[in-house]
Amino acid sequence: MMQHIFKQGTNNEKPVLLLLHGTGGNEHDLLSLADIVDPNASVLSVRGNVLENGMPRFFKRLAEGIFDEEDLIFQTNELNAFLDKAAVEYKFDRQNILAIGYSNGANIAASLLFHFEDALKGAILHHPMVPRRGITLPNLTGIHVFIAAGMNDPICPQQESLELLQLLADASASVGVQWVSTGHQLTIVEVEAAKQWYEQIYS
Ligand code: MLT
């Protein structure tokens with residue numbers, strides 16, 4: 001099991017919001033985002049299993065922006081298996097999970113999409129990177145992805161955000177993007193944009 005919080009929502013038709021924090025965060029960090037995006041949805045907020053100098057993450061890295069690919073794959077499988085178990089334990093529909101991730105959490109959410117056809121039904125990715133290169137993505141038809149990308153993000157250049165968009169679109173995901181003029185930080189502007197995108201699809 002991964003350390004987590006589950007909050008039962010008031011409307012079971014809504015997607016279960018899977019919250020995935022950034023480096024150094026924890027399962028409490030993004031609870032307010034879930035409240036903004038959909039206060040009626042159930043929430044499953046998970047803490048990353050890896051520690052980097054005491055900072056929780058979802059997978060190891062060799063340096064900033066350089067991922068430990070073997071660990072990324074291992075942890076992606078672990079998270080997917082955790083979702084299977086959580087769906088049984090909390091009695092929600094395994095096919096109805098929408099991830100909301102920031103930075104490292106957005107990267108593991110993107111990795112779930114890169115490796116599994118049915119891990120997520122959708123994802124809101126705040127400042128994601130390309131998790132892996134050189135693999136064939138599954139068919140992501142019917143999966144909706146929203147990306148918030150910074151035009152001045154020192155960790156993820158515009159080119160990499162465009163590459164991620166293209167890879168997901170080539171796999172037939174339906175992708176929306178919100179560019180923000182800021183850097184890598186999570187801003188209320190993009191959370192509001194994510195909410196608007198979500199409402200068009202899920203309400
Ligand atoms: C990562 O390691 O996933 C990215 O560099 C983003 C971060 O967590 O800083």
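Atoms within a ligand are numbered from 1 in the order they appear, just like the ligands themselves.
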When you measure from the heavy atoms of Phe58 to every atom of ligand 1, does any distance fall below 4.0 Å?
no
Pairing of Arg61 and Glu52 as salt bridge, 4.0 angstrom limit:
yes
Arg57 NZ/CZ over Phe59 ring centroid, <6.0 Å and within 45° of normal
yes
Check each heavy atom of Asn107 against ligand 1 and say whether those closer than 4.0 Å belong to the side chain, the backbone, both or neither.
side chain
Give the residue and atom name of whichever protein heavy atom lies nearest to atom 9 (O) of ligand 1, and the separation in Å to one decimal.
Arg61 NH1, 3.3 Å
Taking 4.0 angstrom as the limit and counting only heavy atoms of Met129, give me the atoms of ligand 1 inside it, by number and element.
4 (C), 5 (O)
Which of these, Cys156, Ser103, Gly48, has its nearest heavy atom closest to atom 7 (C) of ligand 1?
Ser103
Output for pair (Glu78 CD, Asp71 CG), nearest 0.5 Å, gives 9.5 Å
The atoms of ligand 1 lying under 4.0 Å from a heavy atom of Gly65, numbered in the order shown, are 5 (O)
Glu89 and Lys85: salt bridge (Lys or Arg N to Asp or Glu O under 4.0 Å), yes or no, with the steps?
CA-CA 6 Å; Glu89 181 169 343; Lys85 288 196 203 113; over 6 Å; no
Can you figure out which of Glu64, Arg57, His127 has its heavy atom closest to atom 2 (O) of ligand 1?
Arg57
With respect to His126, which candidate in His184, Gln185, Glu190, Gln178 satisfies the side chain to side chain donor-acceptor pair (under 3.5 Å) definition?
Glu190
Using a strict 4.0 Å cut-off to heavy atoms of Thr23, name the atoms of ligand 1 that fall inside it.
7 (C), 8 (O), 9 (O)
With ILVMFWY side chains joined below 4.5 Å, transitively, what does Tyr102's cluster contain besides itself?
Ile5, Leu17, Leu19, Leu30, Leu31, Leu33, Ile36, Val37, Val43, Leu98, Ile100, Ile124, Phe146, Leu186, Ile188, Val191, Trp197, Tyr198, Ile201, Tyr202
